[in-house]
Colleague: 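To start, I am sharing the structure in question, which I have written as structure tokens.
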Amino acid sequence: MERPGRGGAPLWQGEVRAVETEYRPHVIEPKWQEVWRTTHLYRVVEDPARPKYYNLEMFPYPSGDLHMGHVRNYSLGDVMSRYYRMRGYNVLHPMGWDAFGLPAENAAIQRGVPAAQWTWSNIERMRGQLQRLGFSYDWDREVATCAPDYYKWTQWLFLLLYKRGLAYRGKALVNWCPGCQTVLANEQVEGGQCWRCHSEVEKQEREQWFFRITAYADRLLEDLKLLDGWPERVKAMQANWIGRSEGAEVDFRVEGLDETITVFTTRPDTLWGVTYMVLAPEHRLVERLIEGRPEAETVRAFVQKVKATPAREREQMEKEGVPTGAFCINPVNGERVPIWVGNYVLSEYGTGAVMAVPAHDQRDLEFARKYGLPVKVVIQPPGGSLDEATMTEAYVDPGIMVHSGPFDGTPSQEGIQRVIAYLEERALGRKAVNYRLRDWLISRQRYWGAPIPIIYCDRCGMVPVPEEDLPVLLPASLTDKTGGTSLADAPDFVATTCPQCGGPARRETDTMDTFMCSSWYFLRFASPHEESAPFNREAVDYWLPVDRYTGGIEHAVMHLLYSRFFTKVLYDAGLVSFQEPFTRLFTQGMVTLGGAAMSKSRGNIVDPDEIVNTYGADTARLFILFAAPPENDLEWSEAGVEGAHRFLQRVWRLAAEWAPLVKGAGPVNPTEFGKEERDVYRTIHETLQKVTGDIEDRFSLNTSISAMMTLVNRLYQYKEEAEAVRPELAREGLEKLVLMLAPFAPHLAEELWHEALGHQESVHLAAWPEVDPDALQREEVEVVVQVNGKLRDRMLVPAAADEAALREQALALPKIQPFLEGKEVVRVVVVPGRLVNVVVK
RNA sequence: GCGGGCGUGGCGAAACUGGUAAACGCGUGGGACUUAGGAUCCCAUGGGCUCUGCCCUUGAGGGUUCGAAUCCCUCCGCCCGCACCA
């Protein structure tokens, strides 16, 4: 492949000429974008000889317009891509489209155009916006999840999970979003509302497709420890979401019925203190327990009332319950335990039944007091003694077990394990681990998604679509059907033949959650055109895992958890050799206006196109990188944008003025430098050192830009004050500046690299400059002199001055004398090159 | 309640290993250039005072240290995630 730079053809064949005096981003930006595009400057191929760097940003949903959050996300990523490229890494920096999904489908229905057409035209538009911002993507690797050659492999991966027993169809109480007319995964419900349209989610019993992500709960939790490069916050959120808790399951036999109620508890040590049992209204045994009892009608009414309450309100409700009249038997002491139904017991968590120990659980205590249920203390605090009759605060801390049969006197923490062993020996219960994490519900009753590749045959039952028949293509459009939003409305799609018996059969009409499409796209980028597999193994072995992943915090649980799950499944299937997909994760802050996230509904949008039109892409990018540290929220400021623009103009003018001077200038020879020149030279290399460290070690891009501003200020000062500007030094300053600026303002840097500095190859393939350690040497340094830690004077001393000399000189300073008078010098702390602190009494 | 994080000028922020608090930018004030300036360049810009200089200042209070924005303790405030989780 013919590549420009590094021995390839020159990028730009123009004559070196005087640089225009005016900075005109509208001229230079499209010019270089065209050059970069036609020379495939950012195209990469696997090259085992070079270290790779896979730099990925979360791909966008093609909603139609790029917003400032995207600009920030991709500007941050682009700096790192360009930097590592200049550092000699083989950088994979791809872009694609998370293109299936509801908003596109809804928009398409509204406008009466096919969802595909709507999506592809959005992609067209947004690709143009990205290109106008000059991001260094290898566009040859572009993927869109709604393209058949992509979703074919999404379907293939579904079948992989199916074959591995990780995809199953089951009936469950699921989250139904009336706004989106589809079910949602637990992760996609936020505070009882749909994460996307904020409708109140309803609970419905439906048969759906699930992925058995719970089988990976422990590994997903455990392996968080491997993710040193992830923010604590995200790891905490995932750990929280998985919600592992250790304890025991205990079986309570129901009196008069051949049934047991199993409870999950984290406190088996309190088992002797159980005074009642509470079932969720949805518990399978409720109806059997009350059958024929006088309480039956009260209980049914209560259950109905609770079930009719939306989940969100249910959380706010006061704890209420009704007795069923039935009893069960505490397996450890044979006591009869009344069974209640309560509105606070969740059917989805644990076993949907809880044993109540009011003395040692606050919620149980309040419930017991409300209904006059007994309280029985079985853990005594050290030294203290609890009064069952009057206590209003449950004692939840460790203590000594009492009234607990064989365990009396046992410390409760030790008791937990011992009681579990006791239960297991007698087959009354067992050690158990419970998770908050639920299986991932991936069915969607909507058209615009990847069809689930399953066929239902009356004779053969459920049959997976054979691999060679993939992809199961979406029908072209549903928009001509009135109100039809699901594949169930497309008879031509539904009707098929059974792959096993050839008889008539029906296709599954659910499509897959779009999060499924985005759970593996980072693998596709390694070999986006691979036709025989979702990805090419060698390419994946070379590029993956992703070295750096940049995106918003909103995906902390959903996308990032699902992607980790997929990676582990693929690892277990022997298809990849790593267990975690993203080595380093960076979550950037929001872009705000008026203190709030930009959003159409709030009407506080700043349109990236307008900023590019007014100031150019380089200014837009520079502002967004400079205005705040990457992890902080960034408040948009037009004045700030102008400041960024002013800086670029300042760079431009300096280059324009110096261009004739530096044209034929040779390399610097610092031995010829005067004091001022040495100082300028040092500033250049100090800046280089700081910018390099800020990018690579700290990802502190705002301070790296401020360092470059300081350098530019220094060069202006030199230009104004020097009797004659030394051409080699001017060239050194300009050249290093342009190289450092290249990741931040790529167009301006490219233009100056060619036009002011006369280079032929792209600045973006140039090597990142090395710091000259000699340049950093100072002959003299300023040392601060303190008395008792208070700054009193400064002195200029030879850089090599030793402790004794510094001490002597400091003590002799006239400004220091008054502070020593009549005092005793107890100690002098000397930090060579920095400060002297005289301690007096 | 549990978990994660944050409090520094008028504003965004900087101070990386405990060593000159406020770099850089915005805003503001002043000056230069100019027919003009909303362009450009330069200077000033935390607060106070008895102003050659001194005192105060990093949410509040305390501690460790020669020295604390930075480390420790207590408290206050704010943000984010989860939350009747048994």
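Any value given below was found using the heavy atoms of this structure, including those in side chains, with hydrogens, waters and symmetry copies removed. Residue numbering restarts at 1 for every chain, and letters A, B, ... go by the order of the sequence lines.
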Colleague: Expressed as a whole number of Å, how far does the P atom of B:C16 sit from that of B:C6?
Modeller: 15 Å
Colleague: Which part of the nucleic acid does A:E635 contact within heavy-atom distance under 4.0 Å: base, sugar-phosphate only, or nothing?
Modeller: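 Answer is nothing: A:E635 stays at 4.0 Å or more from every strand.
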Colleague: By the 4.0 Å heavy-atom rule, please label A:N632 as base, sugar-phosphate, or nothing.
Modeller: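 Sugar-phosphate: the residue A:N632, judged by heavy atoms under 4.0 Å, touches backbone atoms but no base.
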Colleague: So A:V357, base contact, sugar-phosphate only, or nothing? Heavy-atom distance under 4.0 Å.
Modeller: nothing
Colleague: Where the side chain of A:R794 is defined as all heavy atoms beyond and including C-beta, which of B:U20, B:C55, B:A23 is the nearest nucleotide?
Modeller: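 Of the candidates, B:U20 comes closest.
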Colleague: Just compare B:U20, B:G81, B:A86 and give me whichever is closest to any side-chain atom of A:S245.
Modeller: B:A86
Colleague: Here's one to test your reading of the geometry: is the NZ or CZ of A:R650 within 45 degrees of the ring axis of A:Y716 and under 6.0 Å from its centre?
Modeller: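 That pair qualifies as a cation-pi contact.
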Colleague: If I take atom OH in residue A:Y344 and atom C1' in nucleotide B:A86, what distance separates them, rounded to the nearest angstrom?
Modeller: 8 Å
Colleague: Please name all residues satisfying side chain to side chain donor-acceptor pair (under 3.5 Å) with A:S404, sequence neighbours left out, ordered by chain then number.
Modeller: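 Checked A:S404 against side chain to side chain donor-acceptor pair (under 3.5 Å); zero matches.
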Colleague: Check step by step if side-chain contact (heavy atoms from CB on, under 4.5 Å) holds for A:R834 and A:V781.
Modeller: CA-CA 8 Å; A:R834 278 208 166 254; A:V781 288; over 6 Å; no
Colleague: What is the distance from CZ of A:R834 to P of B:U17, rounded to the nearest Å?
Modeller: 12 Å
Colleague: Using a heavy-atom cut-off of 4.0 Å across all strands, would you classify A:N713 as base, sugar-phosphate, or nothing?
Modeller: sugar-phosphate
Colleague: Ignoring hydrogens and angles, does a donor from either the side chain of A:N240 or the base of B:C82 sit under 3.5 Å from an acceptor on the other?
Modeller: no
Colleague: Closest to the A:R436 side chain: B:G27, B:C84, B:A83?
Modeller: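 It is B:A83.
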Colleague: Quote, to the nearest angstrom, the P distance that separates B:A69 from B:G7.
Modeller: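 It works out to 14 Å between them.
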Colleague: Ignoring the backbone of A:T703, work out which of B:C41, B:A14, B:C16 is nearest its side chain.
Modeller: B:A14
Colleague: Counting only Watson-Crick or G-U wobble pairs whose two distances fall under 3.5 Å, which nucleotide matches B:G3?
Modeller: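 Looking at the geometry, B:G3 pairs with B:C80.
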Colleague: For A:L791 and A:S637, find the nucleotide of RNA chain B closest to each by heavy atoms; which residue's nucleotide sits nearer the 5' end?
Modeller: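 By nearest-heavy-atom nucleotide position, the 5'-most residue is A:L791.
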Colleague: Choosing from B:C16, B:U20, B:C84, which nucleotide comes nearest the side chain of A:K319?
Modeller: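 Ranking B:C16, B:U20, B:C84 by closest atom to the A:K319 side chain puts B:C84 first.
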Colleague: Between B:C84 atom P and A:L346 atom CG, what is the distance in whole Å?
Modeller: 6 Å
Colleague: Of the nucleotides B:G19, B:C85, B:U40, which one has an atom closest to the side chain of A:Y349?
Modeller: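 For the A:Y349 side chain, the nearest candidate turns out to be B:C85.
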Colleague: Once you apply the 3.5 Å cut-off to both distances, tell me the Watson-Crick or G-U wobble partner of B:A21, or none.
Modeller: none
Colleague: Can you identify which nucleotide, out of B:G67, B:U20, B:C24, has its nearest atom closest to the A:N837 side chain?
Modeller: B:G67
Colleague: Does the plane of the ring in A:Y562 sit parallel, tilted or perpendicular to the ring in A:W440? Use 30° and 60° as the thresholds.
Modeller: parallel
Colleague: Round to a whole Å and report the spacing from CZ of A:F623 to P of B:A13.
Modeller: 11 Å
Colleague: Answer with base, sugar-phosphate or nothing: what part of the nucleic acid does A:G243 contact at a heavy-atom distance below 4.0 Å?
Modeller: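 Nothing, no nucleic acid heavy atom in range.
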Colleague: Any idea how A:F515 and A:W195 line up, ring-wise: parallel (<30°), tilted (30 to 60°), or perpendicular (>60°)?
Modeller: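 The arrangement is tilted - the two ring planes meet at 30° to 60°.
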Colleague: What interatomic distance, in whole Å, is found between P of B:U64 and the corresponding atom of B:U70?
Modeller: 15 Å
Colleague: If you look at every strand shown and take non-hydrogen atoms under 4.0 Å, does A:R438 touch a base, only sugar-phosphate, or nothing?
Modeller: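 It contacts nothing in the nucleic acid.
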Colleague: Regarding A:T266, tell me which of base, sugar-phosphate or nothing describes its non-hydrogen contacts under 4.0 Å with the strands shown.
Modeller: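 Sugar-phosphate, no base atom in range.
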Colleague: Check every strand shown and say whether A:K690 touches a base, only sugar-phosphate, or nothing at a heavy-atom separation below 4.0 Å.
Modeller: base
Colleague: Which nucleotide, if any, forms a Watson-Crick or G-U wobble pair with B:U74, using both distances under 3.5 Å?
Modeller: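 The base-pairing partner of B:U74, which may sit in any strand shown, is B:A60.
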Colleague: Checking contacts here: which listed nucleotide (B:C24, B:G53, B:A86) is nearest the side-chain heavy atoms of A:F626?
Modeller: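 Closest nucleotide among those given: B:C24.
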Colleague: Applying the Watson-Crick and G-U wobble criteria at under 3.5 Å, what pairs with B:U50? Answer none if nothing qualifies.
Modeller: none
Colleague: Using the P atom in both, what is the distance from B:G63 to B:U8, to the nearest Å?
Modeller: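 Result for the P pair: 24 Å, nearest Å.
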Colleague: Under 3.5 Å for both donor-acceptor distances, Watson-Crick or wobble: does B:U40 have a partner, and if so which one?
Modeller: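 Because both required distances fall under 3.5 Å, B:U40 counts as paired with B:A32.
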Colleague: Classify the nucleic acid contact of A:N434 as base, sugar-phosphate or nothing, counting any heavy atom under 4.0 Å across all strands shown.
Modeller: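 A:N434: no heavy atom of the nucleic acid under 4.0 Å.
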Colleague: In whole Å, what separates the P atom of B:G67 from that of B:U57?
Modeller: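 It works out to 15 Å between them.
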Colleague: From CH2 of A:W636 over to C1' of B:C26, roughly how many Å is that when rounded to an integer?
Modeller: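 In whole Å, B:C26 C1' and A:W636 CH2 are 14 Å from each other.
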Colleague: Take the protein atom CD1 of A:I553 and the nucleotide atom C1' of B:G81, then report the distance between them rounded to whole Å.
Modeller: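 From A:I553 CD1 to B:G81 C1': 8 Å.
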Colleague: May I ask you to verify if any side-chain N or O of A:Q649 is less than 4.0 angstrom from the OP1 or OP2 atom of B:A39?
Modeller: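 Result: no.
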Colleague: Taking B:C41 as the reference, what is the distance to B:C33 when you measure between their C1' atoms (whole Å, please)?
Modeller: 8 Å
Colleague: May I ask you to decide if the ring planes of A:W340 and A:Y371 are parallel, tilted or perpendicular, using 30° and 60° as cut-offs?
Modeller: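 Ring orientation, 0 to 90° scale: tilted.
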Colleague: Quick check on B:G9: syn or anti? Syn means the glycosidic torsion is within 90 degrees of zero.
Modeller: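 Syn, which is what one calls it when the glycosidic angle falls within 90° of 0.
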Colleague: Give A:V354 one of three labels, base, sugar-phosphate or nothing, depending on what nucleic acid heavy atoms sit under 4.0 Å from its own.
Modeller: base
Colleague: Look at A:R778 together with A:E686 and state whether they make a salt bridge at an N to O cut-off of under 4.0 Å.
Modeller: yes
Colleague: Could you work out which one of B:U40, B:A23, B:G27 sits closest to the side chain of A:R653?
Modeller: B:U40
Colleague: Rounded to whole angstrom, note down the C1' distance from B:U58 over to B:G18.
Modeller: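 Result for the C1' pair: 15 Å, nearest Å.
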Colleague: How would you label the contact of A:K790 with the nucleic acid (heavy atoms, under 4.0 Å): base, sugar-phosphate, or nothing?
Modeller: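 Answer is sugar-phosphate: A:K790 comes under 4.0 Å of backbone atoms only.
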Colleague: Less than 4.0 Å between a side-chain N and a carboxylate O, is that true for A:R682 and A:D679?
Modeller: yes
Colleague: What is the distance, rounded to the nearest whole Å, between atom OH of A:Y716 and atom C1' of B:C42?
Modeller: 13 Å
Colleague: Determine whether a donor-acceptor pair (N or O, by modelled atom type, separation under 3.5 Å) exists between the side chain of A:N175 and the backbone of A:V201.
Modeller: no
Colleague: Can you tell me the base-pairing partner of B:A69? Count Watson-Crick or G-U wobble geometry only, both distances below 3.5 Å, and say none if there is no partner.
Modeller: none
Colleague: What does B:C26 pair with, Watson-Crick or G-U, if both distances are under 3.5 Å?
Modeller: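 B:C26 is paired with B:G10.
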Colleague: Given B:C66, B:U20, B:A23, which nucleotide is nearest the side-chain atoms of A:R827?
Modeller: B:C66
Colleague: Can you tell me how far P of B:A39 sits from OH of A:Y23, to the nearest Å?
Modeller: 17 Å
Colleague: Is the shortest side-chain N/O distance from A:R646 to OP1 or OP2 of B:C41 below 4.0 Å?
Modeller: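 Negative; the distance criterion is not met.
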Colleague: Using a cut-off of 4.0 Å on non-hydrogen atoms, how would the nucleic acid contact of A:Q362 be classed: base, sugar-phosphate, or nothing?
Modeller: nothing
Colleague: Once you apply a heavy-atom cut-off of 4.0 Å, does A:P231 come out as touching a base, just sugar-phosphate, or nothing?
Modeller: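 Nothing, no heavy atom under 4.0 Å.
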Colleague: Give me the distance, rounded to whole Å, that separates B:G25 from B:C43 when you measure between the P atoms they each carry.
Modeller: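 It comes out at 11 Å once rounded to the nearest Å.
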Colleague: Please determine, by modelled atom types, if A:S245 and A:Y349 share a side-chain donor-acceptor pair under 3.5 angstrom.
Modeller: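 Note: A:S245 and A:Y349 side chains meet the donor-acceptor criterion.
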Colleague: If each of A:A353 and A:A707 is mapped to the nucleotide of RNA chain B with the nearest heavy atom, which maps nearer the 5' terminus, i.e. the 5' end?
Modeller: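 Mapping each residue to its closest nucleotide by heavy atoms, the 5'-most match is A:A707.
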Colleague: Looking across every strand, which nucleic acid part, if any, lies under 4.0 Å from A:F819 by heavy atom: base, sugar-phosphate, or nothing?
Modeller: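 Answer is sugar-phosphate: A:F819 comes under 4.0 Å of backbone atoms only.
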